[in-house]
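Here's the structure, in structure tokens; my notes come after.
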Amino acid sequence: MRIEQCKNSKKNEILNLFKNTEKQEIKEVKRSVEEKRISRIEGRIYNWASLLFEMWKDHYLLTGEYIPEIDDYNHNRLDRAVKYLPKDLISNKKDLKYFMSKAFLKLGKLDNEFREELGVGFSYIENQYTVCNVIAKAIGYKKDLSKLAYLKPVLYREDESSYKEINIDDRLRDQLPARFFDNPTKFIEKLNVVDRDISGFGCSIGDFIGVPYDFTKIKKYKKLVFKRVDLTKVNYGVEEIDESQKIAKLLEELGDPRIKVQEFKGFIYDQGNIYLISKLIKAYNISDLLMGYGPFTDFSCSEGRDLGDKIKNYLKGVHVDIDDRNMLLELLSNKDYTDPDSVKVITIIDFETKK
């Protein structure tokens, strides 16, 4: 009887293992499908923004003029920009704000590259007016669309029919309110951004012309951080978690227990968005310290600076974006930045694998 029970127990164990493996494989397939869907949408917006930018660049190189009035463009080029705008992605005002936010973000990045190349760039107001008018003409919008460019950027989706998965450490579940599980996107996007003054940047979609960076993507809740993933900067949704584990193993070889990596606690797929969850780190950003203490404190000779350089040199060629802004420094109590034994912990954050 006991032998039979053992056999059945072993059989059930194998079956459960098989079922769990099968469920995991199904989830991975669904994640992959969702990532490709999101990438296609973003790709279409970015391709259109690139087309519009090329139109402007050609005009500038041909005439030496900055942003012209919309009627001054070669009509064939203008018609092309109108024709190829992916109108099916704009079915309501939320879609429109998302489209404009993404398009302006891409235009700002292209403009920065062009500025570095030729030393010239967009005229902020005129460009904003031109882009809005091209979009308005394409979708048949009768009102003044440029007013929308002064609204706060919206870089997340609200597609309730999309794939949903909440994959987090069990110990975190009690720390999160019920409304988080009802609507993760709504909960996360209402949170404050991490260690930044909300009123000081990213106030309007048009801001992306001058500063093409999504400051809204990293939010905090108590001792947790939520980061919205940009699929143009990684190969797949949860790659940063895998990358952090790889780098943590590499850094063990340095033999310094004070060197840490960001501690991830899980991830979320919700409404067409992907979020990574990690532990909040209360520390100084090395680049902020350098800027804040510049001419008065020789921070470059401090232990924190030395450790940062050691990490960067060690990971050179291994990780794409180890920079001062991605290293957080926690000091021992009653220690100054320049003290030789001041560092309690130095933590690497941000593990995107594409520039």
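These numbers were taken from a predicted model, which means no experiment stands behind them. Worth knowing before you read on, the calculation uses all heavy atoms, side chains too, and leaves out hydrogens, waters and symmetry mates.
Put simply, the side chain of M55 reaches to within 4.5 Å of the side chain of L52, judged on heavy atoms. Residues E240 and Q245 have side chains not in contact (no heavy-atom distance under 4.5 Å, counting atoms from C-beta outward). Proximity of D214 to D230: side-chain heavy atoms (C-beta onward) are nowhere separated by under 4.5 Å. Annotation: side chain of K152 is not in contact with side chain of K97 (no heavy-atom distance under 4.5 Å). Looking only at side-chain heavy atoms (C-beta outward), K30 and K27 stay at 4.5 Å or farther from each other. Side-chain contact between F264 and L276 is present, with at least one heavy-atom pair separated by less than 4.5 Å. The shortest side-chain heavy-atom distance between F267 and I274 does not fall under the 4.5 Å cut-off.
Remark: the R157 side chain and the Y98 side chain contain an N/O donor-acceptor pair separated by less than 3.5 Å. No side-chain donor from either of N285 and D324 sits under 3.5 Å from a side-chain acceptor of the other. Judged by distance alone, the side chains of S244 and Q262 never bring a donor and an acceptor atom under 3.5 Å apart. Defined by atom type and a distance below 3.5 Å, a donor-acceptor pair is present between the side-chain atoms of S204 and D207. In summary, the side chains of Y236 and D242 do present a donor paired with an acceptor at a separation below 3.5 Å, with no hydrogens or angles considered. Side-chain atoms of Y163 and E165 include a donor-acceptor pair closer than 3.5 Å. Looking at E158 and T185, their side chains never bring a donor and an acceptor atom within 3.5 Å of each other. Side-chain contact check for Q271 and N183: at least one donor-acceptor pair (N or O, by modelled atom type) lies under 3.5 Å.
Here the NZ atom belonging to K219 is positioned 11.0 Å from the NZ atom belonging to K190, to the nearest 0.5 angstrom. To the nearest 0.5 Å, the span separating CD on E352 from CG on L231 amounts to 10.5 Å. The CG atom of L145 lies 6.0 Å from the CD1 atom of I135; values are rounded to the nearest 0.5 Å. Atom-to-atom distance recorded for D95:CG and I139:CD1 is 10.0 Å, nearest 0.5 angstrom. Between the CE atom of M100 and the OG atom of S146 there is a distance of 8.0 Å, given to the nearest 0.5 Å. We find the CD1-CG distance between I349 and L328 to be 4.0 Å, quoted to the nearest 0.5 Å.
Note: Y221 and F187 meet the aromatic proximity criterion, with ring centroids under 6.0 Å apart.
Within 6.0 Å of CG on N334 lie no more than 12 heavy atoms contributed by other residues, nucleotides or ligands. More than 12 heavy-atom neighbours from other residues, nucleotides or ligands sit within 6.0 angstrom of NZ on K87. In the displayed structure, K93 atom NZ is contacted under 6.0 Å by at most 12 heavy atoms of other residues, nucleotides or ligands. Remark: E160 CD is loosely packed, at most 12 non-hydrogen atoms of other residues, nucleotides or ligands lying under 6.0 Å away. Counting non-hydrogen atoms of neighbouring residues, nucleotides and ligands closer than 6.0 angstrom, the OH atom of Y84 reaches no more than 12 such neighbours.
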Residues 106-113 side chain polar contacts: donor-acceptor under 3.5 Å, at least two apart:
from	atom 1	to	atom 2	distance (Å)
D111	OD1	F122	N	2.8
D111	OD2	R115	NH2	2.8
D111	OD2	F122	N	3.3

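Side chain of S32 to main chain of V29: no donor-acceptor pair is present (N/O by atom type, distance under 3.5 Å, no hydrogens or angles). In terms of modelled atom types and a separation under 3.5 Å, the side chain of E330 and the main chain of V345 share no donor-acceptor contact.
Ring-plane geometry between F215 and Y213 is classed as perpendicular, the angle between the planes exceeding 60 degrees on a 0 to 90 degree scale with a lower cut at 30. Taking the six-membered ring for Trp and thresholds of 30 and 60 degrees, F114 and W56 have ring planes more than 60 degrees apart, a perpendicular arrangement.
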Working note: D159 + N273, criterion side chain to side chain contact (heavy atoms under 4.5 Å, CB included); need CA distance, chi angles, decisive distance, verdict.
CA-CA 9 Å; D159 179 5; N273 310 297; over 6 Å; no
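The only member of V261, D321, N326 that meets side chain to side chain contact (heavy atoms under 4.5 Å, CB included) when paired with F351 is V261.
Not counting sequence neighbours, the partners of K265 by the side chain to side chain donor-acceptor pair (under 3.5 Å) test are E263. Among residues two or more places apart in sequence or in another chain, the side chain to side chain donor-acceptor pair (under 3.5 Å) test is passed with S333 by none.
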